[in-house]
Amino acid sequence: MAAHRRSAHRKPKQRPLAGSAARTAASLALAGAATAGSVTSAGAAPAEPAPTAAQVRAKVDRLYHDAEVATEKYNGAKERADAATRSVDALTDEAARRTGRLNTARHALGALATAQYRSGALDPAVQLALSSDPDTYLERAAYLDRAGDRQSGLLRDIKRQVSRIARVKARADQESERLAARRAELREHRTAIRTKLADARKLLATLTAEQRAAYERSADARHGGAPAHADRSTGRAAPDPASASAPNSRAGQAIAFAHGAIGKPYVWGATGPNAFDCSGLTQAAWKAAGVSLPRTTYTQINAGQRVARSQLAPGDLVFFYSGISHVGLYIGGGQMIHAPRPGAPVRIAPIDEMPFAGATRVA
């Protein structure tokens, strides 16, 4: 009886799980542990600190610089797209002119064939036998020979025209493909510029009004401060002392133009007269002096003779950053006139405010 009570109070043995039941239990246990660990980790992870005002300003500066790099790429793509457009237009006009000449030749050939049919209904020997005036017949025969030569010439001309039109149209098709690629490139760079400028505006919006004002003051200081030599009451530039010291009249004219642009806004892709980007300003300034410059910073640097920084003279083009993404017009005394960035109008600034990359003397 006692033995029976002891056996009745014993705990039943737990049989170990086997097979798929064991695997399922192990998976659930691991999943539970992983979930608990992730919850603990997530709960313990500290919130990412908000960027400081200085970090925001540095990132905005980078975005503006990146936007300027994209702007110069856009300017180059636009120049190539414009050239492709002109080429397509010229080839289209050429094809139209050649088609007009082809139609004229075909009309002449048709008229000649009609005339020959009418005059050549009878065999030439029969015509001679029936003719009361052999001399007249012989004159007509000679005309028919000449007409035959003319017909052969017209046929050769038609063949040439058809072949040339085919070649012109093939070239026009190739240029059209290039134009489509250039336009796609334009869209890509335009999107990049707008995205970077929008990101810069969003970052600036995270600053307080006082911090934004401080950023603008520091940016103005880094880009030359308020437009120099300007009449604040009228907004017009005062007489330019730098053009008088220019090494030649053309450099003086370029400086005078740039000086007259002081205070005008920076607009990416603009070449004046009311707004400029950096290479648009230097291109317009030298155009006013009768010199044609290419459109972009990375092509303008090769538009003249390279000069050392120590040998700079008024009128030289000065370039900045390793990618040659910014340009200004040197006016002497370590100063330049340039279009800095969106929100900063054309102004005079020291050339040591940005990483110097090189200089070119145009004329």
Side-chain angles (χ1 to χ4, degrees), residues 61-62 64-73 75-76 79 219-225 227-229 237 239-262 266 268 271-272 276-341 344-363:
D61 284 342
R62 284 196 302 273
Y64 278 141
H65 176 254
D66 291 346
E68 188 166 45
V69 172
T71 294
E72 290 307 308
K73 290 180 180 178
N75 291 337
E79 194 172 41
D220 281 345
R222 283 180 282 115
H223 290 92
H229 304 300
D240 171 28
S243 59
S245 62
N248 56 60
S249 60
R250 283 187 169 180
Q253 288 174 309
I255 292 171
F257 179 94
H259 197 83
I262 288 174
Y266 177 103
W268 63 268
T271 58
F276 301 90
D277 62 20
C278 68
S279 56
L281 174 64
T282 50
Q283 184 187 52
W286 274 102
K287 183 178 180 181
V291 177
S292 178
L293 288 183
R295 179 63 182 93
T296 64
T297 52
Y298 49 83
T299 51
Q300 286 183 8
I301 196 171
N302 297 316
Q305 178 187 356
R306 297 286 186 93
V307 292
R309 181 169 179 167
S310 60
Q311 300 298 316
L312 286 174
D316 290 345
L317 301 177
V318 283
F319 299 87
F320 304 91
Y321 299 103
S322 60
I324 318 296
S325 59
H326 191 77
V327 62
L329 186 71
Y330 188 68
I331 59 172
Q335 303 285 304
M336 65 177 171
I337 299 176
H338 73 144
R341 60 170 178 81
V346 175
R347 60 184 62 187
I348 292 177
I351 64 170
D352 59 2
E353 69 176 17
M354 290 176 286
F356 187 84
T360 292
R361 184 159 298 153
V362 177

Inset, instruction - Search all heavy atoms of Glu68 against all heavy atoms of Cys278 and return the closest pair with its distance. - result: OE2-SG, 3.5 Å
Legend entry - Note, Ile348 side chain near His259 side chain (heavy atom, < 4.5 Å): yes
Legend entry - Tyr330/Leu317 under side chain to side chain contact (heavy atoms under 4.5 Å, CB included): CA gap, chis, key distance, verdict: CA-CA 6 Å; Tyr330 188 68; Leu317 301 177; over 6 Å; no
Legend entry - side chain to side chain contact (heavy atoms under 4.5 Å, CB included) evaluation trace for Ser292 with Lys287: CA-CA 5 Å; Ser292 178; Lys287 183 178 180 181; over 6 Å; no
Inset, instruction - Indicate whether the side chain of Thr282 and that of Gln300 have a donor and an acceptor atom separated by less than 3.5 Å. - result: yes
Inset, instruction - Indicate the atoms forming the closest heavy-atom contact of Ile337 with Ile255, along with that distance. - result: CD1-O, 4.4 Å
Inset, instruction - Could you go through the salt bridge (Lys or Arg N to Asp or Glu O under 4.0 Å) check for Arg295 and Asp277 one step at a time? - result: CA-CA 11 Å; Arg295 179 63 182 93; Asp277 62 20; 3.0 Å; yes
Legend entry - Derivation of the side chain to side chain contact (heavy atoms under 4.5 Å, CB included) call for Met336 and Leu329: CA-CA 5 Å; Met336 65 177 171; Leu329 186 71; 5.9 Å; no
Legend entry - Taking every non-hydrogen atom, the tightest pair across Ala349 and His338: CB-NE2, 3.5 Å
Legend entry - Leu281 side chain reached by Val327 side chain, heavy atoms, under 4.5 Å: no
Legend entry - Exercise: do Gln283 and Thr271 side chains pair donor with acceptor under 3.5 Å: no
Legend entry - Any side-chain heavy-atom pair of Thr71 and Tyr266 under 4.5 Å: yes
Inset, instruction - Look up atom CZ in Arg306 and atom CD in Gln311, then write down how far apart they are to the nearest 0.5 Å. - result: 15.5 Å
Legend entry - Pro355 and Ser322, any side-chain heavy atoms less than 4.5 Å apart: no
Legend entry - Test side-chain hydrogen bond (donor to acceptor under 3.5 Å, both in side chains) applied to Thr296 and Thr299, step by step: CA-CA 5 Å; Thr296 64; Thr299 51; 2.6 Å; yes
Inset, instruction - Given side-chain hydrogen bond (donor to acceptor under 3.5 Å, both in side chains), test Thr360 with Gln305 step by step and report yes or no. - result: CA-CA 5 Å; Thr360 292; Gln305 178 187 356; over 6 Å; no
Inset, instruction - Report yes if some heavy atom in the side chain of Asn75 is under 4.5 Å from a heavy atom in the side chain of Trp268; otherwise report no. - result: no
Legend entry - Heavy-atom pair of closest approach, residues Ala246 and Gly252: CB-N, 3.5 Å
Legend entry - Aromatic centroids of His326 and Phe319 separated by under 6.0 Å: no
Legend entry - Taking every non-hydrogen atom, the tightest pair across Phe257 and Ala288: CD1-CB, 3.6 Å
Inset, instruction - Heavy atoms only: give me the nearest Arg309-Phe356 pair and the separation to one decimal. - result: NH1-CB, 3.4 Å
Inset, instruction - Give the C-alpha distance, both sets of side-chain angles, the deciding distance and a yes or no for side chain to side chain contact (heavy atoms under 4.5 Å, CB included) between Ile351 and Phe320. - result: CA-CA 9 Å; Ile351 64 170; Phe320 304 91; 4.1 Å; yes
